[in-house]
Amino acid sequence: MSMTSVLLTVLGIAVFVIGLLFSIAWHELGHLSTAKLFGIRVPQYMVGFGPTIWSRKKGDTEYGFKAIPAGGYIRMIGMFPPGPDGRIEARSTSPWRGMIEDARSAAFEELEPGDEKRLFYTRKPWKRMIVMFAGPFMNLILAVAIFLGVAMTFGFQTQTTQVAGVQKCVISQSENRETCKTSDPVSPAQAAGLREGDKIVAFNGTRIDEWSTLSDRIRDTIGPATITVQRDGREETLHAVLRKNAVAKKDSDGEVVPGKFISAGYLGFAAQTEIIPLSFGDSVVRMGDMIENGVDSIIDLPSKIPALWSAAFSDGDRAADSPVGVVGAARIGGEVMTLDVPAQNQIAMMLFLLAGFNLSLFLFNMLPLLPLDGGHIAGALWEAIRRNAARVFKRPDPGPFDVAKLMPVAYVVAGMFICFTLLVLVADVVNPVKIS
């Protein structure tokens, strides 16, 4: 690797880290602003973990950066209610009970005179849900803003109706070869006289301006067809006889399903690709697809662990859709800067990477598991259900839901997340996901 490539890689990693720090700070700003809005005291707002490298106190909040840029937090007073006896400190010989008491004690360790009315747990459940949801929601806002902005100004690589190349013979796409055999019939496109650079503007007399429509019409046709092309400034009509062939299967969104094939009409040419800005409506649809894919990826995480383990500790291949951590994403950011593509393409790819990271933060934090934000939201929601049910059935108010009792489960969940993070880290170092 040349010195220029090294410097570009370092630059790409640095740009990603800056974007990562901004995303974390933006997330915590959501928690901070809504907590202060509802009168909750917030002693700390920190970006990063570990030793503090810089901080400044303004009002009753200390703002700062820590050494490890792998997360962030705000500290709110009174995250958990006191125990049944009203005490916030107690000791137990049970290790599980000790976890609960330690968490409760930590929630009050910076309690000051006058804080009795500024405790997190004393706020109504809907306010606590807003505070905990505000952080992930900020990441969702950032992801949507970046995605829509880039999609509408820069665009996506899109297949067009212009011919990039003509296949000389009919080859089943399931055979995974490009060289023609003497026994292969001439492709319908070659026989009809289709040329590279032609732009197909009509198929069987129907005007067409989108590749997806043209592709569907070709697949639905076996036998004679007329193809109108724009060539050298004028339109010409070609006559082709489409053949049945094994072609790649498409899903409901028109995307190719890897390794799946169907029998359909075949013309035999490659479509030209261009980067085309999307309309607002198309951008929203693409964003919806991105969110749906993100949800599917979260659901599929457990099933990807065996392949991830094989990629990290054996000779298994690292799949393109394999889970990627902060280190892996930073490496991808470095690779983006070394690609031989225009600068605007690199900027767009970096922004899409940052948008994907923020979307992942939103989806991951919304899991209803402690210590994630979604776990606190679930606790507040359960409290609202219990208290409203008690009010409807004229029963005594059960009081705040004691989320501290779930801390043993939270430690188990946190342990699982740490193990998974370490596994991804090893895979990102020894067998990283690469871009082409």
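When a residue number appears, it is its place in the shown sequence, counting from 1.
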query: Quick one: side-chain hydrogen bond (donor to acceptor under 3.5 Å, both in side chains) partners of S297, sequence neighbours excluded?
result: none
Non-hydrogen atoms of V166 and S187 that approach each other most closely: CG1-OG, 4.5 Å
- prompt: Under 3.5 Å, is there a donor-acceptor pair between the side chain of T153 and the main chain of G149?
  reply: yes
field: Contacts of L37 that satisfy side-chain contact (heavy atoms from CB on, under 4.5 Å) - sequence neighbours left out
entry: none
- request: With sequence neighbours excluded, give me every side-chain hydrogen bond (donor to acceptor under 3.5 Å, both in side chains) pair touching residues 420-433.
  value: R318-D428
query: If you look at every heavy atom in K304 and P323, which pair is closest and at what distance?
result: CD-CD, 4.0 Å
message: Restricting to non-hydrogen atoms, name the atom on N365 and the atom on H27 that form the minimum distance, rounded to 0.1 Å.
response: ND2-CE1, 3.9 Å
query: Can you say whether the rings of Y45 and Y63 are parallel (under 30°), tilted (30 to 60°) or perpendicular (over 60°)?
result: tilted
task: Could you list the residues that satisfy side-chain hydrogen bond (donor to acceptor under 3.5 Å, both in side chains) with W26, not counting sequence neighbours?
output: none
message: Would you say that more than 12 heavy atoms from the other residues, nucleotides or ligands in this model lie under 6.0 Å from the CZ of F137, or not?
response: no
side-chain hydrogen bond (donor to acceptor under 3.5 Å, both in side chains) involving R217 - partner list, sequence neighbours excluded: none
task: Name all residues meeting the side-chain contact (heavy atoms from CB on, under 4.5 Å) criterion together with L7; count only those two or more places apart in sequence or in a different chain, and write none if there are none.
output: M3
Any donor-acceptor pair under 3.5 Å from T158 side chain to I276 backbone: no
field: Contacts of S279 that satisfy side-chain hydrogen bond (donor to acceptor under 3.5 Å, both in side chains) - sequence neighbours left out
entry: D282
task: Kindly write out the residues that satisfy ring-ring contact (aromatic ring centres under 6.0 Å, His included) with F313, not counting sequence neighbours, or none if the list is empty.
output: W309
query: Which ring pair (Phe, Tyr, Trp, His ring centres under 6.0 Å) pairs, counting each pair once, include a residue from residues 150-173, with sequence neighbours left out?
result: F147-F156, F156-F352
- request: Say whether, by atom type as modelled, one donor and one acceptor occur between the side chain of R286 and the main chain of A151 under 3.5 angstrom.
  value: no
- prompt: Considering all heavy atoms of both residues, which atom of I275 and which atom of N345 are nearest to each other, and what is their separation?
  reply: CD1-ND2, 3.5 Å
- request: Give, for atom CG of D216 and atom CG of L214, the distance between the pair rounded to the nearest 0.5 Å.
  value: 9.0 Å
message: Could you tell me if the side chain of H31 sits less than 4.5 Å from the side chain of P136, heavy atoms only?
response: yes
message: Could you work out, with disulfide (SG to SG under 2.5 Å) as the rule, every residue matching C180, not counting sequence neighbours?
response: C169
task: Only pairs at least two apart or in different chains count here, so list each salt bridge (Lys or Arg N to Asp or Glu O under 4.0 Å) that has a residue in residues 366-385.
output: R128-E383, E383-R387
field: Side-chain donor or acceptor of S310 paired with backbone N/O of P306 under 3.5 Å
entry: no
query: Is a side-chain N or O of K66 found less than 3.5 angstrom from the main chain of G50, in a donor-acceptor match?
result: yes
message: According to ring-ring contact (aromatic ring centres under 6.0 Å, His included), who are the partners of F65, at least two apart in sequence or on a separate chain?
response: none
Inter-residue atom distance M287.CE - D289.CG, 0.5 Å rounding: 10.0 Å
